Number of protein chains: 2
Amino acid sequence: MTSKQEFIEKLRNSSLRPTKQRINICEVLFNRDKTFHFTINDLFNLIKDRTADKVSLATVYNTVHAFHKKGYLKEIPINSNQTYFDTNVTDHHHFFDVKEEKLIDLKNEDVGPIEIQKSIPGKKIKSVEVLVKLED
Amino acid sequence: MTSKQEFIEKLRNSSLRPTKQRINICEVLFNRDKTFHFTINDLFNLIKDRTADKVSLATVYNTVHAFHKKGYLKEIPINSNQTYFDTNVTDHHHFFDVKEEKLIDLKNEDVGPIEIQKSIPGKKIKSVEVLVKLED
DNA sequence: TTCGTTGTTTATAATTATTCTAAAGAAGAT
DNA sequence: ATCTTCTTTAGAATAATTATAAACAACGAA
């Protein structure tokens, strides 16, 4: 459980003003035991349900993008009409249950090391992501 | 080089009527040495340039979806506003040059074996895809 | 070949996720 | 308090994709 005060500091440290909208979004996103996978729409609805004061959709977009830029959220590469984000920003991978459209974390040790034995001149590797699609 | 006749047969065998639009699309897609990565829009423009008779955007969508369903095209999981497809439907992986928005094939042997040491009851693995993002 | 059926193409409208805009509001520094 | 700067917001704009329904083309049977 992270306190509101800690979110305020986290925001300040990132030169993001701690507005009540951002603090609300922090609480919905980061006050959790487990990793959280979501789309903007998921998040928007959760906020509507869970918090008294309302937050506009535009602000949810703005905030998620700001958090992503600051490295507090990770974008998950997946083919879907919506963009998925993850509160777990450590290096890790995913199962995607195609039928239920649900993501499940794979710990790094569940996948073992991935060796990329090819390189492109002038480019360096930014990230390596494994997506394991599941079917019934 | 695959002949028009072969495309016609391929289409017939897939219970897709060999229309002139579909044959044109086949020629643009499959008459190539190397694997081809594309978005619908890329393909639409290529067809406009390369073929005399014009094909509507809706038909390009329809046809790409039909080919994907039949397993002649593979959808590449990637975060982009547009959907990427690949004419290489074998099991393989990709580099994605984030700056240039370009995909590069990684042969399976360039990546080494990927061992998934976790399973979800009642589900089986459909595919394992690695996306390696590149930066400068 | 002709006819009827069924599948396909097409222009256009509709839908959906996302981004943009500009005005009002709130936070921070002085 | 006041000024500046950042943020929020509703709503408009954009862009990819999907749906619609009418015209058209392929196929099979007579």
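First the proteins, then the strands, lettered A, B, ... as listed; each starts at 1. Computed from a predicted structure; not experimentally measured.
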### Task
Could you verify whether a donor N or O on one side chain and an acceptor N or O on the other, from B:D42 and B:T39, lie under 3.5 Å apart?
yes

### Query
Is any side-chain heavy atom of B:S15 less than 4.5 Å from a side-chain heavy atom of B:K70?
yes

### Message
In whole Å, I'd like the distance from the CD1 atom of A:I23 to the P atom of D:dT7.
### Response
13 Å

### Message
Give me the atom names and distance for the closest heavy-atom approach of B:V55 to B:Q21.
### Response
CG2-CG, 4.0 Å

### Task
Over all heavy atoms of both residues, which pair between A:T90 and A:K74 is shortest? Give the atoms and the distance, please.
O-NZ, 3.0 Å

### Task
Let me know, please, whether B:Q82 or A:L16 comes out on the 5' side of the other along DNA chain D by nearest nucleotide.
A:L16

### Query
Where along residues 45-72 of chain B does a heavy atom fall under 4.0 Å from DNA chain D?
B:Y61, B:H65

### Task
Inspect the surroundings of NZ in B:K118 and state if more than 12 heavy atoms from other residues, nucleotides or ligands are less than 6.0 Å away.
yes

### Task
Under 4.0 Å from any heavy atom of chain A: name the first and the last nucleotide of DNA chain C that qualifies, 5' to 3'.
C:dA17 to C:dG28

### Terminal helix-axis angle for the helix from C:dT1-D:dA30 to C:dT30-D:dA1, with five pairs defining each axis and rounding to 10 degrees
30°

### Contacts of type ring pair (Phe, Tyr, Trp, His ring centres under 6.0 Å), residue A:H65, not counting sequence neighbours
none

## Note on the structure
The side-chain hydrogen bond (donor to acceptor under 3.5 Å, both in side chains) partner of B:D136 among A:K126, A:K124, A:K123 is A:K123

Is a side-chain N or O of [X] found less than 3.5 angstrom from the main chain of [Y], in a donor-acceptor match?
X	Y	result
B:T87	B:F36	yes
A:N79	B:I76	yes
A:R22	A:T63	no

### Base-contact (B) and sugar-phosphate-only (S) positions in nucleotides 23-30 of chain D, heavy-atom cut-off under 4.0 Å, - elsewhere
--BBS---

### Task
Under 4.0 Å between any heavy atoms, over every strand shown, what does B:T39 touch: base, sugar-phosphate, or nothing? Just pick one.
nothing

### Query
Under the side chain to side chain donor-acceptor pair (under 3.5 Å) rule, what pairs show up with a residue in residues 103-112 of chain A, not counting sequence neighbours?
A:T35-A:D105, A:H37-A:D105, A:N88-A:D105, A:H92-A:D105, A:H93-A:N108, A:H94-A:D105

